[in-house]
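Just below is one structure, and these are the notes that go with it.
For the single chain, residues carry numbers from 1 onward in sequence order. These values consider heavy atoms only, across backbone and side chains, with no hydrogens, waters or symmetry-generated copies.
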Amino acid sequence: KGSELARLPWVVLNNQGLLRFLDGDLRRARQCYAEICERVPNNIIFTYRYGLCLILEGFRSRKRTLLGALKPDAIKVEKGLELLLHCLKLGTQRPVGRQKCLVIRKIVADVYEKTGRARKAKAVWAEILAEDPTCAEATYRVKGAEAGRKLAEAKIRAAKGVDKIDKRQKPRLLSD
């Protein structure tokens, strides 16, 4: 039965896309995921991979402005961003088991930051922090470096069994 599944067109395309992505061939990986998205529309994972390929391609193939500065290929980056935003919409519209899609949200925030949209980025980081108050990266981006560092230290202590993280408490340093 497993060998039959491996021959399904979308499984083959997904595997080809993953291998091409890992080989650094973003264009061909993107083509695989574009085709999968046509065959299996509104799938968060495939749409995410398609969008990610576009964004990475856009940042990899920079173009010169009139003043000579290098800027990402805005068309690819924006198309990829649209796909990621579509993934977030799909995640919130699930009839059962709404998905937070925190990894996708983080990428959206990073793309906003890298393309000069700091306010939008900060708003997305604030959404992430509201969804996951223990996210050190979002804490860092919204509340500052010191708050992010304290939370990261608290998470490390909790992982070592020294402390437990209480989502209602503010993180504290070992010296506190």
Measure across Leu84 and Leu52 and return the closest heavy-atom pair with its distance rounded to 0.1 Å. CD2-N, 4.4 Å
Taking only residues at least two apart or on different chains, which pairs with a member in residues 105-150 satisfy ring-ring contact (aromatic ring centres under 6.0 Å, His included)? none
Do Val142 and Leu151 share a hydrophobic cluster, counting only Ile, Leu, Val, Met, Phe, Trp and Tyr and linking them when any side-chain heavy atoms are less than 4.5 Å apart? no
All N/O donor-acceptor pairs, side-chain side in residues 20-34, below 3.5 Å, sequence neighbours left out:
unit_1 : atom_1 : unit_2 : atom_2 : d
Asp25  : OD1    : Arg28  : N      : 3.3
Arg30  : NE     : Glu57  : OE1    : 2.3
Arg30  : NH2    : Glu57  : OE2    : 3.4
Tyr33  : OH     : Asn14  : O      : 3.4
Tyr33  : OH     : Leu18  : N      : 3.1

One should read off an interatomic distance between Glu131 CD and Leu102 CG, to the nearest 0.5 angstrom, of 6.5 Å
hydrophobic_cluster_shared for Ile107 and Leu90, side chain cutoff 4.5 Å: yes
Check for a donor-acceptor pair, side chain of Lys79 on one end and backbone N or O of Gly51 on the other, with a separation under 3.5 Å. no
Go through the structure and list residues passing ring-ring contact (aromatic ring centres under 6.0 Å, His included) with Tyr50, not counting sequence neighbours. none
So do the side chains of Leu88 and Ile44 get within less than 4.5 Å of each other, counting heavy atoms only? no
Is any side-chain N of the basic residue among Lys150 and Glu153 closer than 4.0 Å to the acidic one's carboxylate O? no
Hey, could you give me each pair passing salt bridge (Lys or Arg N to Asp or Glu O under 4.0 Å) that has a residue in residues 80-91? Not counting sequence neighbours. none
Can you name the closest pair of heavy atoms from Ala109 and Ala121 and give their distance? O-CB, 3.5 Å
Those residues at least two apart in sequence (or on a different chain) that pass side chain to side chain donor-acceptor pair (under 3.5 Å) with Thr115 are Arg117
Grab the two heavy atoms, one from Cys135 and one from Lys155, that are nearest each other, plus how far apart they are. CA-NZ, 4.3 Å
Are side-chain heavy atoms of Phe59 and Val77 found at a separation under 4.5 Å? yes
Spacing of Cys87 atom SG and Phe46 atom CZ [to the nearest 0.5 Å]: 11.5 Å
Atom CD1 of Ile45 with >12 non-hydrogen neighbours under 6.0 angstrom: no
Measuring only between side-chain heavy atoms, which start at C-beta, is Asp110 closer than 4.5 Å to Arg141? yes
Going through the distances and angles, do Leu8 and Val12 end up as a side chain to side chain contact (heavy atoms under 4.5 Å, CB included)? CA-CA 6 Å; Leu8 290 172; Val12 172; over 6 Å; no
Treating Ile, Leu, Val, Met, Phe, Trp and Tyr as nodes and any side-chain heavy-atom pair under 4.5 angstrom as an edge, say whether Ile55 and Ile36 lie in one connected cluster. no
Single-linkage hydrophobic cluster Leu83~Ile104, side-chain heavy atoms < 4.5 angstrom: no
Treating Ile, Leu, Val, Met, Phe, Trp and Tyr as nodes and any side-chain heavy-atom pair under 4.5 angstrom as an edge, say whether Val108 and Leu54 lie in one connected cluster. no
Can you run down the side-chain hydrogen bond (donor to acceptor under 3.5 Å, both in side chains) pairs that involve residues 99-108, sequence neighbours left out, and say none if there aren't any? Arg105-Glu127
Applying side-chain hydrogen bond (donor to acceptor under 3.5 Å, both in side chains), which residue pairs with at least one partner in residues 37-46 are found, sequence neighbours left out? Glu35-Arg39, Asn42-His86
